[in-house]
Enquirer: 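My questions all concern the structure below.
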Amino acid sequence: MKKILLEDHEIPKQWYNVLADLPSPLEPPLDPETKEPMNPEKLKALFPEALIEQEMSTERWIDIPPEVLDIYSIWRPTPLIRAVKLEEYLDTPAKIFYKFEGISPPGSHKPNTAVAQAYYNAKEGIKRLTTETGAGQWGSSLSFAGQYFGLEIMVYMVKVSYEQKPYRRILMETWGGKVVPSPSPYTNIGKKILEEDPDNPGSLGIAISEAIEDALSREDTHYSLGSVLNHVLLHQTIIGLEAKKQLAKIKHYPDVVIASAGGGSNFGGLALPFLIETFNGDSCTKFIAVEPASCPTLTQGKYEYDYGDVAGLTPLLKMHTLGHDFIPPSIHAGGLRYHGMSPIISKLKEEGFIDAVAVPQTAIFKAAVDFARTEGIVPAPESAHAVKVAIDEALKCRETGEPKVILFNLSGHGLLDLSAYQQYLEGKLKD
Ligand SMILES: *Cc1c(COP(=O)(O)O)cnc(C)c1O
């Protein structure tokens with residue numbers, strides 16, 4: 001069987017909250033002004049109460065609201081596919097499975113949390129959400145989600161991407177989102193940066209500062225983040241929970257679980273539900289987070305308190321970080337260019353439950369093209385990081401003869417990233 005599907009009614013009805021099972025609790029977020037543990041009351045200027053509660057909850061299972069399940073049902077459950085053609089091409093005894101999140105309308109896993117965040121904000125009377133986006137995957141997911149709940153979505157898009165990658169901007173506008181290039185003249189931080197350097201290309205850190213400043217300046221507006229935070233990882237566990245059910249249908253359990261990591265929600269979404277057995281001591285599955293060599297947060301970042309943005313407006317989080325003023329080179333996997341990492345994923349790495357590897361982008365695109373020429377799907381450059389390491393693991397099995405079960409997340413398709421493929425195919429891509 002190549003494709004393992006779930007019936008509509010088999011979609012998980014609860015998210016898995018790993019905070020119930022972490023071997024030691026997370027260090028608390030700190031107030032950016034006082035450096036004392038953050039008072040949750042202060043977060044209410046940015047987030048709805050329901051999400052603040054989820055951020056700190058230690059309930060193991062959290063119900064998915066019917067309104068969210070209703071929107072999920074547009075594209076979920078997503079298929080789990082056995083990469084038979086890739087296995088044959090690699091001549092490996094390994095069984096390679098991938099969860100395909102690219103069938104969502106915005107084309108990635110990101111709407112899993114965008115829909116939930118839009119729902120909880122609208123329910124608490126919020127009319128407008130601000131956010132940042134790099135290449136546009138998150139901004140388009142939030143624009144898509146906002147329209148179902150009558151929310152205006154204001155997206156600060158990193159200026160280089162705004163200029164070089166118009167298609168996701170058009171996608172956001174098609175779903176009713178408002179998009180401005182960041183740094184923008186609409187916020188104090190944006191104005192200040194533009195005065196000093198009118199040609200500043202922008203960064204995620206700057207765009208986050210702008211989106212937060214905007215949200216703090218208006219009563220009817222909240223801020224929404226597409227990765228890193230605990231509640232975002234919580235919403236993404238739908239991926240791993242579905243994959244677990246799908247593998248159970250054919251009586252399989254993964255030996256290796258692989259996903260790319262930018263802020264960590266994609267990796268967490270697939271991996272956390274499988275870590276339950278690891279915490280219980282019932283499995284020795286290997287977990288691998290894959291990041292770009294040019295933004296090696298987990299493999300080379302320091303594990304310490306840092307801000308999530310350039311201006312220092314966000315709470316300080318204990319996480320792996322390259323420094324909040326780090327501006328990564330503009331590689332093609334825009335969704336993985338973030339200086340920080342989810343505190344949950346950082347802790348799991350620190351305590352040895354998961355591994356991380358960093359891979360240069362030419363090797364990533366070679367794997368992406370091999371995948372497209374065997375399995376047919378053109379992966380998003382971010383997702384291709386997982387493809388690359390899945391291939392490496394399968395090749396190790398060819399050496400050892402072990403028929404391991406390898407599971408990875410194909411977090412999105414690459415049909416709006418073809419200019420990167422063009423550069424690769426023309427031999428112009430550099431590491
Ligand atoms: C954003 C994105 C990622 C990275 O997700 P994080 O939660 O930031 O780690 C991976 N793949 C695709 C397709 C993305 O859009």
Side-chain angles (χ1 to χ4, degrees), residues 75-76 78-83 85-86 96-113 133-138 140-141 165 167-168 226-227 236 238-240 242-243 254 256-271 287-295 298 331-338 345 356-394 406-421 424 429:
W75 76 96
R76 305 207 73 85
T78 62
L80 181 77
I81 302 168
R82 179 152 172 209
K85 295 270 189 289
L86 179 65
I96 308 174
F97 294 90
Y98 60 94
K99 184 76 170 149
F100 187 36
E101 290 293 305
I103 65 164
S104 77
S108 77
H109 69 292
K110 289 192 168 75
N112 295 329
T113 184
T133 198
Q137 288 105 330
W138 171 242
S140 55
S141 297
K165 301 184 176 173
Y167 292 123
R168 281 206 183 82
S227 189
Q236 292 295 356
I238 187 92
I239 304 170
E242 279 184 13
V256 190
V257 174
I258 302 163
S260 62
S265 79
N266 171 52
F267 175 78
L270 181 68
F287 297 90
I288 312 174
V290 192
E291 54 187 17
S294 55
C295 191
L298 269 174
I331 50 159
H332 284 291
L336 305 181
R337 291 177 69 216
Y338 184 62
I345 303 304
V357 293
V359 186
Q361 67 175 352
T362 49
I364 297 299
F365 276 89
K366 160 89 173 65
V369 169
D370 285 345
F371 190 80
R373 290 180 184 177
T374 50
E375 292 300 306
I377 299 170
V378 177
E382 292 85 357
S383 317
H385 286 67
V387 174
K388 161 69 179 153
V389 173
I391 290 175
D392 289 348
E393 290 293 313
I406 297 171
L407 170 67
F408 75 90
N409 198 23
L410 195 66
S411 49
H413 68 67
L415 296 179
L416 293 179
D417 304 283
L418 292 182
S419 63
Y421 278 87
Y424 173 74
L429 205 69

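One is the number of the first residue; the rest follow in order along the sequence.
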Enquirer: About how many Å separate CD1 of Ile258 and CD1 of Ile406, when rounded to the nearest 0.5 Å?
Expert: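 Here the rounded value is 6.0 Å.
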Enquirer: Which residues satisfy the salt bridge (charged side-chain N to carboxylate O under 4.0 Å, His left out) test with Arg76, sequence neighbours excluded?
Expert: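 Salt bridge (charged side-chain N to carboxylate O under 4.0 Å, His left out) check on Arg76 returns Glu101, Glu242.
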Enquirer: For Ala420, give me all partners under side-chain contact (heavy atoms from CB on, under 4.5 Å), at least two apart in sequence or on another chain.
Expert: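 Checked Ala420 against side-chain contact (heavy atoms from CB on, under 4.5 Å); matches are His332, Phe365.
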Enquirer: Please confirm whether the backbone N or O of Leu336 pairs with a side-chain atom of Glu291, one donor and one acceptor, at under 3.5 Å?
Expert: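 No; zero donor-acceptor contacts below 3.5 Å.
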Enquirer: So which atom in Asn409 and which in Ala259 form the shortest heavy-atom distance, rounded to 0.1 Å?
Expert: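 Taking every non-hydrogen atom into account, CB-CB, 4.2 Å.
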Enquirer: If the condition is side-chain hydrogen bond (donor to acceptor under 3.5 Å, both in side chains), which residues does Thr362 pass it with, not counting sequence neighbours?
Expert: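 For Thr362, the residues satisfying side-chain hydrogen bond (donor to acceptor under 3.5 Å, both in side chains) (neighbours in sequence not counted) are Asp431.
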Enquirer: Throw together a table of side-chain donor-acceptor distances under 3.5 angstrom for residues 382-390, partners on residues two or more places apart or in other chains.
Expert:
{"unit_1": "Glu382", "atom_1": "OE1", "unit_2": "Gln137", "atom_2": "NE2", "d": "3.3"}
{"unit_1": "Glu382", "atom_1": "OE2", "unit_2": "Gln137", "atom_2": "NE2", "d": "3.0"}
{"unit_1": "Glu382", "atom_1": "OE2", "unit_2": "Gly334", "atom_2": "N", "d": "3.4"}
{"unit_1": "Glu382", "atom_1": "OE2", "unit_2": "Gly335", "atom_2": "N", "d": "2.7"}
{"unit_1": "Ser383", "atom_1": "OG", "unit_2": "Ser411", "atom_2": "N", "d": "3.3"}
{"unit_1": "Ser383", "atom_1": "OG", "unit_2": "Ser411", "atom_2": "OG", "d": "2.7"}
{"unit_1": "Ser383", "atom_1": "OG", "unit_2": "Gly412", "atom_2": "N", "d": "2.9"}
{"unit_1": "Ser383", "atom_1": "OG", "unit_2": "Gly412", "atom_2": "O", "d": "3.2"}
{"unit_1": "His385", "atom_1": "ND1", "unit_2": "Pro381", "atom_2": "O", "d": "2.9"}
{"unit_1": "His385", "atom_1": "ND1", "unit_2": "Glu382", "atom_2": "O", "d": "3.3"}
{"unit_1": "Lys388", "atom_1": "NZ", "unit_2": "Asp392", "atom_2": "OD1", "d": "3.1"}
{"unit_1": "Lys388", "atom_1": "NZ", "unit_2": "Asp392", "atom_2": "OD2", "d": "3.4"}

Enquirer: Sequence neighbours excluded, which residues qualify as ring pair (Phe, Tyr, Trp, His ring centres under 6.0 Å) partners of Phe100?
Expert: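 None.
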Enquirer: Give me the atom names and distance for the closest heavy-atom approach of Lys366 to Asp370.
Expert: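 Heavy atoms only, the tightest pair is NZ-OD2, 2.7 Å.
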Enquirer: Calculate, to the nearest 0.5 Å, the distance between atoms CD1 and CD1 belonging to Ile391 and Ile96 respectively.
Expert: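 CD1 of Ile96 is found 7.0 Å from CD1 of Ile391.
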Enquirer: Would you say that Pro105 contacts Trp75 through its side chain, given a criterion of any heavy-atom pair below 4.5 Å between the two side chains?
Expert: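 Result yes, sub-4.5 Å side-chain heavy-atom pair found.
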Enquirer: Answer yes or no: is there a side-chain heavy-atom contact under 4.5 Å between Ser265 and Thr113?
Expert: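 A side-chain contact is absent here, since even the closest heavy-atom pair is not under 4.5 Å.
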Enquirer: Should Ile345 and Phe287 be marked as a side chain to side chain contact (heavy atoms under 4.5 Å, CB included) after you check the CA-CA gap, both sets of side-chain angles, and the distance that decides it?
Expert: CA-CA 11 Å; Ile345 303 304; Phe287 297 90; over 6 Å; no
Enquirer: At what distance, to the nearest 0.5 angstrom, does CG of Leu86 lie from OH of Tyr98?
Expert: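 Reported to 0.5 Å precision, the distance equals 9.0 Å.
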Enquirer: For Gly262 and Tyr338, work out which heavy atoms get closest and say how close.
Expert: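 Where Gly262 meets Tyr338 most closely, the heavy atoms are O-CB, 4.4 Å.
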Enquirer: Scan Ser140, Pro106, Ser141 and name whichever one has a side-chain contact (heavy atoms from CB on, under 4.5 Å) with Arg168.
Expert: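 The side-chain contact (heavy atoms from CB on, under 4.5 Å) with Arg168 is passed solely by Ser140 among Ser140, Pro106, Ser141.
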Enquirer: Partners of Lys85 by salt bridge (charged side-chain N to carboxylate O under 4.0 Å, His left out), sequence neighbours excluded?
Expert: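 Lys85 satisfies salt bridge (charged side-chain N to carboxylate O under 4.0 Å, His left out) with no residue once adjacent residues are dropped.
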Enquirer: Holding to salt bridge (charged side-chain N to carboxylate O under 4.0 Å, His left out), I want the full list of residues that pass it with Arg337, two or more places apart in sequence or in another chain.
Expert: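 Counting only residues at least two positions away or on another chain, Arg337 forms no salt bridge (charged side-chain N to carboxylate O under 4.0 Å, His left out).
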Enquirer: Of the non-hydrogen atoms in Pro379 and Ala368, which two are nearest, and what is the gap between them?
Expert: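 That closest heavy-atom pairing would be CD-O, 3.7 Å.
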Enquirer: One pair to check against side chain to side chain contact (heavy atoms under 4.5 Å, CB included): Leu270 and His109. What are the steps and the verdict?
Expert: CA-CA 10 Å; Leu270 181 68; His109 69 292; over 6 Å; no
Enquirer: State which residues pass side-chain hydrogen bond (donor to acceptor under 3.5 Å, both in side chains) with Ser260; sequence neighbours excluded, sorted by chain then number.
Expert: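 Ser260 satisfies side-chain hydrogen bond (donor to acceptor under 3.5 Å, both in side chains) with Asn266 once adjacent residues are dropped.
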Enquirer: Look up atom NZ in Lys110 and atom CH2 in Trp138, then write down how far apart they are to the nearest 0.5 Å.
Expert: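 One finds 8.5 Å between NZ of Lys110 and CH2 of Trp138.
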Enquirer: Rounded to the nearest 0.5 Å, how far apart are CD1 of Ile239 and CZ of Phe267?
Expert: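 Going from the CD1 atom of Ile239 to the CZ atom of Phe267 covers 12.0 Å.
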Enquirer: Which salt bridge (charged side-chain N to carboxylate O under 4.0 Å, His left out) pairs, counting each pair once, include a residue from residues 258-270, with sequence neighbours left out?
Expert: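 Counting only pairs at least two positions apart or across chains, no salt bridge (charged side-chain N to carboxylate O under 4.0 Å, His left out) contact touches residues 258-270.
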Enquirer: To the nearest 0.5 angstrom, please state how far the CD atom of Gln361 sits from the OH atom of Tyr424.
Expert: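 Rounded to the nearest 0.5 Å, the CD-OH separation comes to 11.0 Å.
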Enquirer: With the side chain counted from C-beta on, respond yes when Tyr167 and Leu415 share a heavy-atom pair under 4.5 Å apart, and no when they do not.
Expert: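 Tyr167 vs Leu415: side chains apart.
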